[in-house]
Every structure is written in structure tokens, then in C-alpha cells.
Colleague: 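Take a look at the following structure, please.
Along the sequence shown, the residues carry numbers beginning at 1.
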Amino acid sequence: ELSKRFTILDSFNKEAALDNETGLVWEMIPARVMTVWKNAAGTCAKKTVGGKGNWRLPSLKELETLADHTIYPPPALISGHPFSNIELHGYWTATEHEEYPVSAWDVNFDYGIIGNDFKVNRNFVWCVHDKEYSYQNRVFGHWVICRGGPKPPLLFPALNQVHRFH
């Protein structure tokens, strides 16, 4: 049963889910393709899920919100998740190791643990998308789409509009 934590998004053709706790949008069926770390961010940047681009490699803090090391048998994902195709292996994050420049952090969904791996090794990629809001700017009447954050920003004129006063 789907947890109230997740909402499957019609705006992404039901191919992505909003995490209502973090405000992040996750692809529901990550591709089963392994890559070295230097190519992982580009894999996400080129991706289209639910007809939308602008995907990115998640940070360690973002990806670890999906793991639960108390879940057995694997995959070690939080209860009530909508995801499938999750490998029992490491998934790259955009977070490089602070002390070892040849390593980057990963999250392993076999046991739900955080680790690091040499960047030349191959791991899976699970891409994330920032939440989009669309709302009508009450001052100018334009529709504005904004990304990120749990709440819409303050009102401002749409940037692609030129206002001339005669």
C-alpha cells in the first residue's frame, strides 16, 4: 500500500513520485544501467521521465532519505514506497568524499547503508527532480513555473515578459 509520504504525479505521466516530506520528485523506475561516477550526473541531465527533463544526480542527504536499513528482505527502501526496478547494489550520489578525492558517496539498497566507492567503479544511478510549482502571479496575471523548495516563492513578474509604459 502506498504511503501518504508519496504522491504519484499525473504531471509526470505517473512515471515519478513526489516525496511529500522532502519535496523531491523521484523517478519511479530507475534504469538498470551501471556507470562510473564521472558519467552519473550526465546520465541524469540527459534523462527524460514523464515527458520532463531537468533531472539531476541526488546528493547523499537526498538519496539516503529513501533507504531504511531495518527493512529485510531487500530492497531496503522505506515502507509504502512506489518504486520498482531497484537493484540490490550501490547508487551514486553527487557528493564526493571530503578526504579522498578518488571516491564518492553511494547508497546501497541491499542493506540500506551508506558507503563510498572509488569513482572508477560502476554503480547504478537514481535521478531526482526538483518539485515544480505553477501559480498565477496576481500582480501581472502571468503563469510562472518555479522549481525547488517546499513552498512557492514570493510574487514577481514573469521574467520573459517585457513591460512598457507609454
Colleague: Drop me the distance from Ile78's CD1 to Phe6's CZ, to the nearest 0.5 angstrom.
Modeller: 3.5 Å
Colleague: Between atom CE of Met34 and atom CG of Asn121, what is the distance when rounded to the nearest 0.5 Å?
Modeller: 8.5 Å
Colleague: Keeping the roles fixed (side chain from Ser103, backbone from Asn116), state whether a donor-acceptor pair exists under 3.5 Å.
Modeller: no
Colleague: Please give me the minimum heavy-atom distance between Ser59 and Thr93, naming the atom from each residue.
Modeller: C-CB, 3.8 Å
Colleague: Once rounded to the nearest 0.5 Å, what's the spacing between atom CG of Asp68 and atom CG of Leu77?
Modeller: 8.5 Å
Colleague: Measure the spacing between CZ of Phe124 and CD1 of Ile86 and express it to the nearest 0.5 Å.
Modeller: 10.0 Å
Colleague: Should Trp105 and Glu64 count as side-chain neighbours, where that means a heavy-atom distance under 4.5 Å?
Modeller: no
Colleague: By salt bridge (Lys or Arg N to Asp or Glu O under 4.0 Å), which residues pair with Glu62, not counting sequence neighbours?
Modeller: Arg56
Colleague: Whether Glu96 and Lys119 form a salt bridge (side-chain N of Lys/Arg under 4.0 Å from carboxylate O of Asp/Glu) is what I want to check.
Modeller: yes
Colleague: In terms of relative ring orientation, are Tyr100 and His97 parallel, tilted or perpendicular, with 30° and 60° separating the classes?
Modeller: tilted
Colleague: Rounded to the nearest 0.5 Å, what separation is found between the CE atom of Met28 and the NZ atom of Lys14?
Modeller: 9.5 Å
Colleague: Is there a donor-acceptor contact under 3.5 Å from the side chain of Asp106 to the main chain of Trp92?
Modeller: no
Colleague: Can you tell me how far the CG atom of Asn123 sits from the CD atom of Glu87, to the nearest 0.5 Å?
Modeller: 11.5 Å
Colleague: Among Thr43, Val25, Thr48, which one satisfies side-chain contact (heavy atoms from CB on, under 4.5 Å) with Trp55?
Modeller: Val25
Colleague: What is the minimum heavy-atom distance between Glu27 and Val125, and which atoms define it?
Modeller: OE2-O, 4.2 Å
Colleague: Only distances under 3.5 Å count here; give the side-chain donor-acceptor pairs of residues 108-115 to other protein atoms, sequence neighbours excluded, each with its distance to 0.1 Å.
Modeller:
from	atom 1	to	atom 2	distance (Å)
Asn108	OD1	Asp110	N	2.7

Colleague: Run the ring-ring contact (aromatic ring centres under 6.0 Å, His included) test against His69 and tell me which residues pass, sequence neighbours left out.
Modeller: none
Colleague: Less than 4.5 Å apart, any side-chain heavy atom of Phe83 and any of Pro30?
Modeller: no
